[in-house]
Amino acid sequence: MSTDSDVHVKKDKMFDPTFGLNSHMLGVIVAVIAVIITIILFVLWQRRQNARRGVLIMGLCDAGKTLVFSRLLYSRYVNSHTSIKENAGDFIVNNGFLRVVDIPGHERVRGKFFDLYKGIARGIIFVMDATTVQKEIRDVAELLYTVLTDPVILAAAPKLLLLCNKQDQTLAKGSQPIKAMLEKELNVVRRTKSSQLTGTDGSTTQATLGIPGKDFEFHHLAPITVEFAEGCAFNTTPETTADLKAVHKWIASIA
């Protein structure tokens with residue numbers, strides 16, 4: 001004859017999730033669950049990495065972006081003009097590919113296309129005309145500031161290549177003088193933007209470029225890594241490889 005205590009014991013055993021399992025079996029189950037979670041997290045990370053397979057080519061109008069794009073993807077010279085839409089193509093590298101997107105340089109449309117493609121950016125090639133950069137330094141710095149303080153870019157931390165283009169021309173400046181000019185001008189732009197965005201309570205809603213209280217230097221942008229390169233995309237002889245070896249090497253390094 002069953003007593004009330006027997007009934008309670010049976011009920012407790014019926015609803016005990018560990019009933020009938022020894023410590024070894026529980027350990028195996030926990031290990032299996034941990035492996036499954038690890039696999040799921042790895043797959044999600046891999047998908048995120050694969051989703052960010054874009055290289056954006058950016059810069060002002062007439063910097064040579066479209067010609068750089070054409071040289072990289074098709075190894076040919078094209079007569080380019082101010083673009084009003086993007087150019088896109090796949091760059092085959094390291095048994096894989098990267099999606100290269102030439103963002104228009106015109107200020108009326110570049111923001112639209114930057115917003116459209118910034119989410120896939122694994123790297124950004126910022127093209128500058130080395131023959132005119134000194135007189136255009138404020139516009140160059142303004143655009144670069146916009147890119148580097150964008151929340152999506154800050155979160156993804158893509159690699160950045162600053163390409164000093166048109167090195168075949170006599171008046172072209174080298175990468176080191178251009179780097180020095182840009183750091184100085186970005187320091188000015190940062191102060192201007194900060195004063196414009198500071199609220200009445202002293203707060204600001206935009207990210208600070210570099211380290212507050214220190215003159216801007218490109219190595220302050222970590223974890224975004226910044227490299228400078230000199231190159232020349234202009235070449236009317238199809239048989240000759242354009243001088244973009246540094247760009248090819250950089251793309252291969254981020255693939």
Side-chain angles (χ1 to χ4, degrees), residues 55-69 80-83 102-115 118 121 123-150 153-154 158-198 204 206-222 224-234 243-244 246-247 250:
V55 175
L56 309 186
I57 301 179
M58 302 189 66
L60 301 182
C61 291
D62 301 322
K65 299 182 305 302
T66 301
L67 192 50
V68 169
F69 172 85
S80 60
H81 50 81
T82 301
S83 304
D102 169 26
I103 303 293
H106 198 287
E107 60 183 350
R108 291 185 179 179
V109 295
R110 67 189 177 208
K112 166 189 172 183
F113 289 102
F114 175 57
D115 287 342
K118 63 187 179 184
I124 298 174
I125 301 174
F126 193 94
V127 184
M128 297 171 288
D129 184 339
T131 66
T132 62
V133 65
Q134 188 166 8
K135 69 178 183 180
E136 296 177 336
I137 193 65
R138 173 49 68 96
D139 292 334
V140 172
E142 290 268 5
L143 177 55
L144 195 53
Y145 179 91
T146 299
V147 172
L148 293 174
T149 56
D150 183 273
I153 297 299
L154 288 172
K159 296 182 182 299
L160 177 65
L161 179 69
L162 293 164
L163 177 61
C164 307
N165 194 26
K166 304 186 182 181
Q167 291 295 319
D168 58 319
Q169 299 190 30
T170 306
L171 299 177
K173 291 190 175 297
S175 58
Q176 288 306 309
I178 291 176
K179 179 182 178 181
M181 283 191 294
L182 266 178
E183 286 181 335
K184 183 178 180 180
E185 195 63 32
L186 280 166
N187 206 40
V188 175
V189 172
R190 180 177 63 176
R191 285 200 304 267
T192 303
K193 296 289 186 182
S194 296
S195 62
Q196 290 175 348
L197 293 170
T198 301
T204 179
Q206 188 161 353
T208 301
L209 186 70
I211 301 175
K214 290 189 176 182
D215 288 343
F216 174 79
E217 296 180 23
F218 279 104
H219 68 266
H220 293 165
L221 293 174
I224 297 176
T225 60
V226 182
E227 294 182 41
F228 277 77
E230 297 177 0
C232 168
F234 182 81
D243 186 14
L244 292 175
V247 182
W250 179 82

Using a 4.5 Å cut-off on heavy atoms from C-beta on, say whether the side chain of [Y] contacts that of [X].
{"X": "Asp129", "Y": "Asp62", "answer": "no"}
{"X": "Val189", "Y": "Leu209", "answer": "no"}
{"X": "Ile137", "Y": "Ile178", "answer": "no"}
{"X": "Asp168", "Y": "Lys166", "answer": "yes"}
{"X": "Arg110", "Y": "Leu60", "answer": "yes"}
{"X": "Leu148", "Y": "Leu221", "answer": "yes"}
{"X": "Phe114", "Y": "Ile153", "answer": "yes"}
{"X": "Phe216", "Y": "Lys184", "answer": "no"}

Tell me every residue that passes side-chain contact (heavy atoms from CB on, under 4.5 Å) with [X], counting only those two or more places apart in sequence or in another chain.
{"X": "Ala229", "value": "Leu161, Leu163, Ala246"}
{"X": "Ser175", "value": "Cys164, Phe228, Glu230"}
{"X": "Gln176", "value": "Lys179"}

| request: To the nearest 0.5 Å, tell me how far His219 NE2 sits from Thr225 OG1. | output: 14.0 Å
| query | Between atom CD of Gln134 and atom NZ of Lys173, what is the distance when rounded to the nearest 0.5 Å? | reply | 4.5 Å
[X]: salt bridge (Lys or Arg N to Asp or Glu O under 4.0 Å) partners, not counting sequence neighbours:
{"X": "Glu136", "value": "none"}
{"X": "Lys65", "value": "none"}
{"X": "Asp215", "value": "none"}
{"X": "Lys118", "value": "Asp115, Asp150"}

Heavy-atom pair of closest approach, residues [X] and [Y]:
{"X": "Pro212", "Y": "Thr208", "value": "CG-CG2, 3.8 Å"}
{"X": "Ile124", "Y": "Pro158", "value": "CD1-CG, 4.2 Å"}
{"X": "Ala141", "Y": "Leu186", "value": "O-CD2, 3.4 Å"}
{"X": "Cys61", "Y": "Gly105", "value": "SG-C, 3.5 Å"}
{"X": "Val68", "Y": "Ala233", "value": "CG2-CB, 3.7 Å"}

Any residue meeting side chain to side chain donor-acceptor pair (under 3.5 Å) with [X], in chain and number order, not counting sequence neighbours:
{"X": "Gln169", "result": "none"}
{"X": "His220", "result": "none"}
{"X": "Arg190", "result": "Asn187"}
{"X": "Glu185", "result": "Arg138"}

| Ile224 and Lys159: side-chain contact (heavy atoms from CB on, under 4.5 Å), yes or no, with the steps? | CA-CA 6 Å; Ile224 297 176; Lys159 296 182 182 299; over 6 Å; no
| Should Val55 and Trp250 be marked as a side-chain contact (heavy atoms from CB on, under 4.5 Å) after you check the CA-CA gap, both sets of side-chain angles, and the distance that decides it? | CA-CA 11 Å; Val55 175; Trp250 179 82; 4.2 Å; yes
| task | Determine, stepwise, if the pair Val226 / Leu162 fulfils side-chain contact (heavy atoms from CB on, under 4.5 Å). | result | CA-CA 7 Å; Val226 182; Leu162 293 164; 3.8 Å; yes
| message | So, using ring pair (Phe, Tyr, Trp, His ring centres under 6.0 Å) as the criterion, who are the partners of Phe113 when residues are at least two apart? | response | none
| request: Please assess Phe126 against Leu56 for the test side-chain contact (heavy atoms from CB on, under 4.5 Å), listing each intermediate value before the final yes or no. | output: CA-CA 8 Å; Phe126 193 94; Leu56 309 186; over 6 Å; no
| task | Using a strict 4.0 Å threshold on nitrogen-to-oxygen distance, state whether Lys193 and Glu142 make a salt bridge. | result | yes
